[in-house]
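This report concerns only the one structure given below.
Just the heavy atoms: all of them, side chains too, but no hydrogens, waters or symmetry mates, feed the values below. Lettering follows sequence order; numbering is per chain, from 1.
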2 protein chains.
Amino acid sequence: MIENDVFKALGDPTRRAIFEKLAGGAMNGSALRDGMAISQPAMSQHMSVLRAARLVREERQGRFVVYEVDPEGLALILGWLQKYRSYWPGRVEALRNMLKDMDQ
Amino acid sequence: MIENDVFKALGDPTRRAIFEKLAGGAMNGSALRDGMAISQPAMSQHMSVLRAARLVREERQGRFVVYEVDPEGLALILGWLQKYRSYWPGRVEALRNMLKDMDQ
DNA sequence: CCAACACATAAGCGGATACTTATGTGATTC
DNA sequence: GAATCACATAAGTATCCGCTTATGTGTTGG
């Protein structure tokens, strides 16, 4: 149940911070790590969780592994949210219209 | 950090099932419970988590507590997703397919 | 009143989770 | 080819989570 993995992955503030940083541009683990008070194994484990949730994908480049946002995970959340579209509040009306545009 | 609460709340399949059932219409705890193999205290605890995440709100009616979807929680997720909307477009196709699946 | 009902809270338990230190694997550079 | 670097994996630990049973709180109706 990958839907579960996405929500669980994002249910941790450290992983959301990592994801947000990655959304600014692809980078390797060391680059991700600096500025963050997190050990190398911890980062590696978080990346593994994010990858399983399809929020992040990776590509090996020499001795580096470059991580980048995988849109698939976001699409999973969007798909889940679609089921409850009728409850979306007026404040996100613009967002709803945007999805409508994308839908056709 | 309420954003954390939303993702954590949805990172449990039982709670997503409860939420989905509630999305079909407001109801009390006992009504929620039947058809689900879940004890009364467990349900009460789940409702507490969902309420804290602003995914559900409640209203006491006599000796019943009627629960209903609180759009605020969904808005929080949408708000979070919006930060990464530049990653959405490539996935419209997947979203459409997901919608198609859900339609049947 | 009090019995029945709807729900919340307390306490305890097993498994999951996020971290740590130590070590392994693979690639690069000198 | 040895040292170094980037990352993964192993193993241990403390905390968190979701469940259970038992009990408490508040409401309704006989």
Side-chain angles (χ1 to χ4, degrees), chain A residues 1-22 24-70 73, chain B residues 1-22 24-70 73:
Chain A
M1 197 196 313
I2 192 139
E3 203 169 61
N4 213 60
D5 296 337
V6 184
F7 287 119
K8 273 197 163 179
L10 293 174
D12 179 82
T14 303
R15 277 193 293 265
R16 283 202 309 284
I18 292 170
F19 183 84
E20 179 149 21
K21 193 165 184 180
L22 258 195
M27 68 186 82
N28 63 44
S30 301
L32 264 178
R33 220 147 71 75
D34 55 58
M36 287 187 174
I38 187 174
S39 71
Q40 180 270 317
M43 176 62 78
S44 180
Q45 288 157 16
H46 280 309
M47 297 320 285
S48 178
V49 172
L50 288 169
R51 175 165 19 86
R54 309 213 52 178
L55 283 162
V56 159
R57 59 189 172 200
E58 61 195 46
E59 183 193 353
R60 185 161 262 272
Q61 284 182 9
R63 63 179 166 182
F64 298 87
V65 174
V66 177
Y67 303 97
E68 66 177 340
V69 167
D70 183 351
Chain B
M1 196 195 315
I2 192 134
E3 203 169 60
N4 213 60
D5 296 337
V6 185
F7 286 119
K8 273 196 164 180
L10 293 173
D12 178 81
T14 302
R15 277 194 293 266
R16 284 201 309 283
I18 292 170
F19 183 84
E20 179 149 22
K21 194 165 183 179
L22 258 194
M27 67 186 84
N28 62 46
S30 302
L32 263 177
R33 220 147 69 77
D34 56 58
M36 287 187 174
I38 187 175
S39 72
Q40 180 269 319
M43 176 62 76
S44 179
Q45 288 158 17
H46 280 309
M47 296 321 286
S48 179
V49 172
L50 289 168
R51 176 165 19 86
R54 310 213 50 181
L55 283 162
V56 160
R57 59 189 172 201
E58 61 196 45
E59 183 193 353
R60 185 161 260 271
Q61 286 182 7
R63 63 180 167 182
F64 297 87
V65 174
V66 176
Y67 303 97
E68 66 177 338
V69 167
D70 183 351

Would you sort out whether A:R54 and A:D5 count as a side-chain contact (heavy atoms from CB on, under 4.5 Å), showing the intermediate values?
CA-CA 9 Å; A:R54 309 213 52 178; A:D5 296 337; over 6 Å; no

Measuring from A:R51:CZ to A:D70:CG, what's the distance to the nearest 0.5 Å?
11.0 Å

Is the closest side-chain heavy-atom distance between B:I18 and B:M43 below 4.5 Å?
yes

Atom pairs under 3.5 Å, N or O on each side, protein against nucleotides 9-19 of chain D: can you list them with distances?
residue: D:dC17; atom: OP1; partner: B:K8; partner atom: NZ; Å: 2.5
residue: D:dG18; atom: OP1; partner: B:R15; partner atom: NH2; Å: 2.7
residue: D:dG18; atom: OP2; partner: B:R15; partner atom: NH1; Å: 3.4
residue: D:dG18; atom: OP2; partner: B:R15; partner atom: NH2; Å: 3.4
residue: D:dC19; atom: OP2; partner: B:H46; partner atom: NE2; Å: 2.1

For A:A52, side chain to side chain contact (heavy atoms under 4.5 Å, CB included) partners two or more places apart
none

Separation of atom CD in A:Q61 from atom P in C:dT28, rounded to whole Å:
11 Å

Kindly indicate whether the side chain of A:M47, heavy atoms from C-beta on, has any atom under 4.5 Å from the side chain of A:L22.
yes

Determine which pairs satisfy side-chain hydrogen bond (donor to acceptor under 3.5 Å, both in side chains) with at least one residue from residues 6-19 of chain B, sequence neighbours left out, and list them in order.
A:N4-B:R16, B:R15-B:H46

What's the CZ-C1' distance between A:R33 and D:dC5, to the nearest Å?
12 Å

Under the side chain to side chain contact (heavy atoms under 4.5 Å, CB included) test, which residues partner B:Q40, sequence neighbours left out?
B:R33, B:S44

When the distance from CZ of B:F7 to P of C:dT17 is rounded to whole Å, what number comes out?
17 Å

Between the protein and nucleotides 2-6 of chain C, which nitrogen or oxygen pairs are less than 3.5 angstrom apart?
residue: C:dA6; atom: O4'; partner: B:R63; partner atom: O; Å: 3.4

Can you see if the side chain of B:Y67 gets near the phosphate of C:dA8 - specifically, an N or O under 4.0 Å from OP1 or OP2?
yes

Set of residues satisfying salt bridge (charged side-chain N to carboxylate O under 4.0 Å, His left out) with respect to A:E59, sequence neighbours excluded
none

